[in-house]
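In each ligand, atom 1 is the first atom listed, and ligand 1 is the first ligand listed.
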Amino acid sequence: MTLKTVYVFGGNADHSDPRQKDKTVAGGKGANLAEMASIGLPVPPGFTITTEECVRYLQDGADFSDDLRTAVAAALTHVEATVGKRFGDAADPLLVSVRSGARVSMPGMMDTVLNLGLNDATVQGLATSSGDARFAWDSYRRFIQMYSDVVLGIDHGLFEEALEIAKEDKGFYNDTEMAAEDWQALVAEYNTIVADELGRPFPQDVHEQLWGAIRAVFDSWDSDRAKVYRRLNDIPGDWGTAVNVQAMVFGNMGETSATGVAFTRDPATGNRAYYGEYLINAQGEDVVAGIRTPQYLTKAARETAGAKPLSMEEALPDAYAELARVFDLLELHYKDMQDIEFTVERGKLWMLQTRSGKRTAKAALKMAVDMVAEGLIDEREAVRRVDPMALDQLLHPTLDPKAERNVLTTGLPASPGAAAGKIVLDADTAEQWAGRGEKVILVRVETSPEDIHGMHAAQGILTARGGMTSHAAVVARGMGRPCVSGAGAVSIDRATRKLRIGSTELKEGDAITLDGATGQVMLGIVPTVEPELAGDFGTLMVWADKLRRMKVRTNAETPDDCRMARQFGAEGIGLCRTEHMFFEASRISLVRQMILADDEAGRRRALEQLLPEQRADFTAIFEVMAGLPCTIRLLDPPLHEFLPHADEDFADLADATGLGVDHLKRRAGELHEFNPMLGHRGCRLGITYPEIYEMQARAIFEAVCAVKASSGEAPLPEIMIPLVATKRELAILRALIDRVAEAVFAEVGTRVEYLVGTMIELPRAALMAGDIAEEGAFFSFGTNDLTQTTLGVSRDDAARFLSVYVDKGIFPRDPFVSLDIEGVGQLVELAAERGRATRPDIKLGICGEHGGDPASIAFCEKVGLDYVSASPYRVPIARLAAAQAALKKA
Ligand code: ADP
Ligand code: MG
Ligand code: MG
């Protein structure tokens with residue numbers, strides 16, 4: 001049996017084929033339309049062309065299959081029969097919308113075309129059959145503009161300009177003031193614009209219109225905007241988009257008609273209150289486009305805001321009651337907060353879309369915890385529900401409540417969090433400035449999909465227009481960027497690149513701060529405070545901890561970072577790099593003396609002076625981490641990184657050592673390396689200059705013994721030898737460390753437990769893991785270097801080509817962000833297996849950046865590692881991701 005390419009929904013359609021409700025086949029929008037229709041909700045009839053058909057079309061060089069043409073014709077007949085109108089009928093035409101719908105909602109896809117099926121003849125029929133000529137011509141002008149823009153590629157500015165002029169001529173302010181003749185006159189003008197721009201008239205054949213729109217949806221899958229979005233959101237290029245063709249219902253049929261968007265709970269706070277906006281006598285995107293200021297859904301919300309125009313609850317009470325009933329049904333059915341689109345046509349409610357709503361991290365936590373209390377979902381589902389990466393929003397500093405705020409204006413609190421930076425007025429500038437390391441706030445009248453790259457580059461977004469469901473608000477929430485929208489006191493002068501906020505004059509480059517939780521816009525940079533895990537966040541973390549198997553440690557090398565990480569739930573240190581201790585300004589001269597010394601005696605003299613400093617570093621860390629395992633990596637970077645460059649540095653050094661400048665410069669020159677990443681670094685330093693590792697080991701043991709003596713509880717030091725390739729390297733260095741340990745224990749008269757192990761970061765080490773495990777009690781996968789050495793790609797040089805590689809699908813994601821499971825992952829898996837074969841109780845962990853990446857964490861669970869280690873702010877993310885990984889595996 002061949003699989004269906006088109007599925008009908010609504011009316012008496014059969015919704016039983018599970019493929020129709022499968023987002024991978026029907027797209028998110030199509031699947032949910034079918035789902036709503038099948039549970040008896042009022043959905044205008046229509047049909048969905050599968051994502052598979054899009055992929056086929058693109059593969060076939062933009063050609064429709066015969067199969068598709070036949071299936072669409074049959075589906076159209078279903079819609080005609082259900083509605084009781086025929087497509088293209090000059091007396092009483094069926095009109096449809098053509099809507100894109102990928103597996104996940106994706107900005108950058110073709111915008112929806114409404115009112116398709118209108119032409120110079122059918123518009124007359126629509127006027128007669130509806131008894132409303134204004135409505136008919138309004139619909140036609142919308143159709144010509146939308147179709148010309150998204151299908152024919154004519155600049156929509158031309159149409160908007162013509163509309164503005166027409167309104168000005170009449171002295172109108174709102175579109176709703178336009179009468180039938182006004183719209184009709186505008187349609188004539190629109191037709192002239194199309195003919196001028198296109199060199200041929202607007203297509204009058206309704207079937208040509210339909211296939212043109214279907215083609216445009218398919219093509220939009222490969223548009224630049226879509227590609228950018230996919231890259232930012234890790235969406236594979238081979239999913240394709242579905243196309244939904246659906247009978248129109250009309251919110252623009254006068255005062256008993258309306259259109260709106262709503263959430264079953266508040267997407268910003270998570271509060272259990274219907275939440276949304278609507279507009280009377282409007283169609284489609286009018287609500288989100290900021291054409292008129294939308295009105296509140298509920299009476300309570302309107303009163304809280306002190307707004308005048310009636311809420312839907314008051315203006316259209318019957319339709320509202322029906323909507324509230326649908327809300328409850330939807331939540332019970334989907335067991336999640338829904339984001340819906342609806343239209344009321346002459347008092348009757350129609351559902352046009354539902355999907356699980358985007359929400360802030362705060363709302364996600366609250367809803368998950370509330371829904372468990374309501375009995376809608378269980379703890380496991382709550383843990384599954386929250387996107388670990390979204391927690392990032394809550395794990396960043398918020399504005400210090402005690403700091404002074406010079407508030408310029410207050411807009412809508414569209415996406416929470418604090419953001420401070422320099423004002424930029426367009427997306428390209430945002431990207432450029434951010435690219436050179438500046439923090440920027442993107443300030444726009446309103447945003448559109450063309451601004452996505454700039455929104456991504458910015459710390460926060462401020463818009464002058466648009467509500468809580470505007471493009472800026474929705475996208476910012478999705479990206480986790482703080483956003484203040486609809487700040488009417490902001491006026492921007494694009495020409496001079498200046499702006500005014502209230503009475504304050506500002507220019508591009510001036511600093512402002514946004515508080516996305518309150519909507520405040522402040523002058524200058526306002527100080528921030530650290531976040532904490534309380535309330536719903538804390539509750540969810542407790543559930544996650546119950547469900548996870550792997551431990552979560554942190555990568556930290558200062559007592560402050562360690563404290564922060566412990567507050568976030570870190571159960572040890574997975575990676576403490578010791579080189580920063582060498583780089584510190586007060587010590588660098590000693591380090592340089594050590595490196596440039598002519599012989600061992602010279603090196604030892606400098607190291608002796610470094611020892612107390614190192615011991616103090618470790619003592620401070622161990623005090624915070626008492627009782628917990630701490631992996632400490634001995635010195636790793638090549639020595640030349642510490643070398644002086646400036647003449648005065650050499651002069652100082654000459655003074656300190658009594659050696660001549662020329663001599664020192666020659667020594668420095670000898671240390672030059674062509675490829676330091678593969679040079680004299682890691683354990684190779686320990687092998688050639690054992691006194692360096694000796695000093696570090698001594699500092700560690702003395703510090704552990706001191707902490708044990710003072711607090712009674714020692715941490716468990718796990719001394720990690722970097723860049724090992726052979727068993728012999730580890731054997732030599734382990735013997736050295738054991739020797740130092742015995743010496744220190746004898747001196748202080750106490751013993752502590754410790755482990756010696758290695759970082760697996762070279763392919764040879766992974767391959768020889770069975771051998772190496774004979775000498776090492778633990779492996780920590782250093783997946784940053786393991787990725788570099790396996791791919792032969794230097795991370796710091798990869799920026800130039802990696803994005804192209806991701807675009808072309810060579811790598812599904814940046815392999816330095818998310819582990820290359822297929823390749824590098826094999827080495828990890830194999831090393832874990834071989835290591836365990838030799839030493840069944842070997843401790844296994846990961847300490848690369850990947851330890852904070854949910855997809856990589858899922859892989860670590862699969863391989864059975866004992867722990868992951870992430871930077872302090874990512875510890876809660878890792879805890880949740882580890883729990884989700886365990887659930888997935890179970
Ligand atoms: P998007 O994915 O951008 O939300 P949609 O296809 O959902 O695109 O719709 C754009 C707007 O048009 C929405 O407000 C939607 O409710 C409206 N719309 C879509 N199809 C119809 C229809 N058949 N009748 C009336 N309004 C529609
Ligand atoms: Mg849209
Ligand atoms: Mg929609």
Just say parallel, tilted or perpendicular for the rings of F159 and Y190, cut-offs at 30° and 60°.
perpendicular

Name the orientation class of the two ring planes belonging to Y140 and W137 (parallel below 30°, tilted from 30 to 60°, perpendicular beyond 60°).
tilted

Please report whether ligand 1 has a polar contact with E341, defined as an N or O pair separated by less than 3.5 Å (distance criterion only).
yes

Just wondering, more than 12 heavy atoms not from R215 lying within 6.0 Å of its CZ?
yes

Is it the side chain (CB and beyond), the backbone, both or neither of Q353 that lies under 4.0 Å from ligand 1, heavy atoms counted?
side chain

Going by the 4.0 angstrom heavy-atom rule, the piece of V249 near ligand 1 is both

Looking at ligand 1, would T259 count as a contact under a 4.0 Å heavy-atom criterion?
no

Shortest reach to atom 23 (N) of ligand 1 by a heavy atom, considering only A247, P44, G260
A247

May I ask you to list the atoms of ligand 1 that are less than 4.0 angstrom from any heavy atom of G284?
11 (C), 12 (O), 14 (O), 17 (C)

Between ligand 1 and S97, is the shortest N or O to N or O distance under 3.5 Å?
yes

Main-chain N/O of T176 paired with N174 side-chain donor or acceptor, under 3.5 Å
no

I would like to know whether E177 and K167 meet salt bridge (Lys or Arg N to Asp or Glu O under 4.0 Å); could you show each step before the answer?
CA-CA 9 Å; E177 292 169 73; K167 281 203 296 194; over 6 Å; no

The Mg ion (ligand 3) to nearest N/O/S of Q353 less than 2.8 Å
yes

Candidate with minimal heavy-atom separation from atom 6 (O) of ligand 1, of N252, T112, L95, V43:
T112

Heavy-atom distances under 4.0 Å decide this one: backbone, side chain, both or neither, for L114 against ligand 1?
side chain

Side chain, backbone, both or neither: K29 near ligand 1, heavy atoms under 4.0 Å
side chain

Run through T51, D219, V217 and flag the one making a side-chain contact (heavy atoms from CB on, under 4.5 Å) with T241.
V217

For E35, is there any backbone N or O sitting under 3.5 Å from a side-chain donor or acceptor partner on N32?
no

Please name the atom of E341, restricted to N, O or S, that is closest to the Mg ion (ligand 3).
OE2

Which word best sums up how the rings of F218 and F64 line up, parallel for under 30°, tilted for 30 to 60°, or perpendicular for over 60°?
tilted

